[in-house]
Amino acid sequence: MVKQKKPNLDVKIGPLNLKNPVLVASGTFGYAQEFKDLIDLKKLGAIVTKTITLKSRQGNLPPRTCETPSGMLNSIGLENPGIDKFIREKLPFFKKLGVPLVVSIAAEETPDEFNVLIKKLEQISLVEAIELNISCPNLKKDKLIAQDAKDTLELVGVARKLTKKCLIVKLSPNVTSIVEIALAAQNAGADALALINTLSGMCINVNQRTPKLGAWVGGLSGPAIRPVAVKMVWEVYNKIKIPIIGMGGIMDIESALEFFIAGAAAVSVGTANFVNSQASLEIITGLQQYMLDNHLQNLSKLTGKLKTCQD
Ligand SMILES: Cc1cc2nc3c(=O)[nH]c(=O)nc-3n(C[C@H](O)[C@H](O)[C@H](O)COP(=O)(O)O)c2cc1C
C-alpha cells in the first residue's frame, strides 16, 4: 500500500507565514502565559493577545459575563495594562515561545490612538502582526469604526502607512453589510480580515428585573453565533481577495471545518478556550486527519471549496 503524504497545514496570511491555520482569539487567551500549564502553546499557529489600549483600563462594572443558550455574553470592557506595561511585562514571555504573535489594539477616545500604538509596536520585531480591533461592542460608543465604511477606509489607510507588519482588521457582525466594510478594509491596504467579533446582546434577570451584566449590554459569543459567523465569512470570501481569519463559536474540528469550507484561510478559537483548553490543539490534529481522509494535500484545496447541492 502506498503511504499517503502528510498534509501541509502551512498558510500565508499577508506577509505572515504560519505553520498551521489555528489561532486563539483576542480576549479569550489572556497574554498566553495564563495557558502555559494547560496546553502546549508551541503547537498553535499564532497567538492573538487581549486587546491593548494606550492607557491601562480597569474594564466595566461586574458582573462581566453571563451564560446564554449555547454561548455567553461578556462586557469585559477591554481591561488591559496599557501598551507600555504590556511591552514591559507581558511581551518577554513570547521571546522563547517561537509562536507568531499578533497584538490586538484599540482606541478608547480618538482614532489617533491607533497611530501611537502602531508606532510603538512597529519597533518590536517579536510582534509579527497587528490586529486593529475596530469592532469592540463594549466601549459605550454610539458607533463603531467597523460600522462605517468611510471611517474604516480612513483608519486602515493611515495604519497601513505606519506599519510593514501583517495588518489584520477585525470586523463587527453588528452591521447592515459586512461586505461593504470588508471591501473598505481591503481597499485601504489590510493584509487580512478577522471576522467576527461578538454580536451585541442583553440578558435580564426576571426576578430582580435587572440586567444580568453590570454594563447592561455585552457581546454574544460561542456556538449560538456560529451560523451568523459562517455566513459572513462566506459572503465576504465571495467578494474580497485578502485572507479571512474566521471565528465565532468554533468548538471542535467540525465547526472549524465549516469556516474553512465557507472561505476562511485560518480560524481563531475563542469561547471554546474557557470550556476546553485543548480545543485549539484538537482542531489542529482533527484538521490533519480530515485532510488525510479526504486526500487534500494543502489548505488551498479546502478554503472556500463549498459545493452546490448538485455537485
Ligand atoms: C470574554 C471575551 C473577551 C473578549 N475580548 C476581546 C478583545 O479584547 N478583543 C477582541 O478583538 N475580541 C474580543 N473578544 C471576541 C473574540 O475574540 C471573538 O471574536 C468572539 O468571541 C467570537 O468568537 P467565539 O465565539 O469563538 O468566542 C472577546 C470574547 C470574549 C468571549
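Keep in mind that this is a model prediction, so the values were computed, not measured. Counting convention: from 1, in listed order, for ligands and their atoms alike. Reckoned from all heavy atoms, side chains included, excluding hydrogens, waters and symmetry mates.
- For atom 3 (C) of ligand 1, the nearest protein heavy atom (residue, atom name, distance) is Gly27 O, 3.4 Å.
- Looking at Thr271 against ligand 1, both its backbone and its side chain come within 4.0 Å, counting heavy atoms.
- Atom 21 (O) of ligand 1 has Ser221 CB, 3.3 Å as its closest protein atom, hydrogens excluded (heavy atom only).
- Close approach to Lys50 involves these atoms of ligand 1, each under 4.0 Å from a residue heavy atom: 5 (N), 6 (C), 7 (C), 8 (O).
- For the 3.5 Å distance criterion, the side chains of Asn80 and Thr53 qualify, holding a donor opposite an acceptor.
- Where the criterion is an N or O separation shorter than 3.5 Å, residue side chain and backbone included, Thr51 meets it with respect to ligand 1.
- When the heavy-atom distances from atom 23 (O) of ligand 1 to Ser26, Gly248, Gly59, Gly246 are ranked, the shortest goes to Gly248.
- Considering backbone and side-chain N/O of Gly222, one or more are found under 3.5 Å from N/O of ligand 1.
- The shortest N or O to N or O distance between Lys170 and ligand 1 is below 3.5 Å.
- The shortest N or O to N or O distance between Phe274 and ligand 1 is not below 3.5 Å.
- Contact annotation for Arg226 and ligand 1: no heavy atom of the residue comes within less than 4.0 Å of the ligand.
- Residues Asn298 and Asp10 form no side-chain contact, since every pair of their non-hydrogen atoms from C-beta on lies 4.5 Å or further apart.
- The shortest N or O to N or O distance between Ser104 and ligand 1 is not below 3.5 Å.
- Of the candidates Gly249, Pro173, Pro223, Ala272, Gly249 brings a heavy atom nearest to atom 24 (P) of ligand 1.
- The nearest heavy-atom contact from the protein to atom 15 (C) of ligand 1 is Asn197 OD1, 3.5 Å.
- In summary, Lys55 and Glu108 do not engage in a salt bridge, as defined by a charged side-chain N under 4.0 Å from a carboxylate O.
- If you look at Asn74 next to ligand 1, the close heavy atoms, those under 4.0 Å, all belong to the side chain.
- With Asn133 contributing its side chain and Thr51 its backbone, the two residues share no donor-acceptor pair below 3.5 Å.
- Listed by number with element, the atoms of ligand 1 under 4.0 Å from a non-hydrogen atom of Gly270 are 26 (O), 27 (O).
- Contacts of Val48 with ligand 1, taken as heavy-atom pairs under 4.0 Å, are absent altogether.
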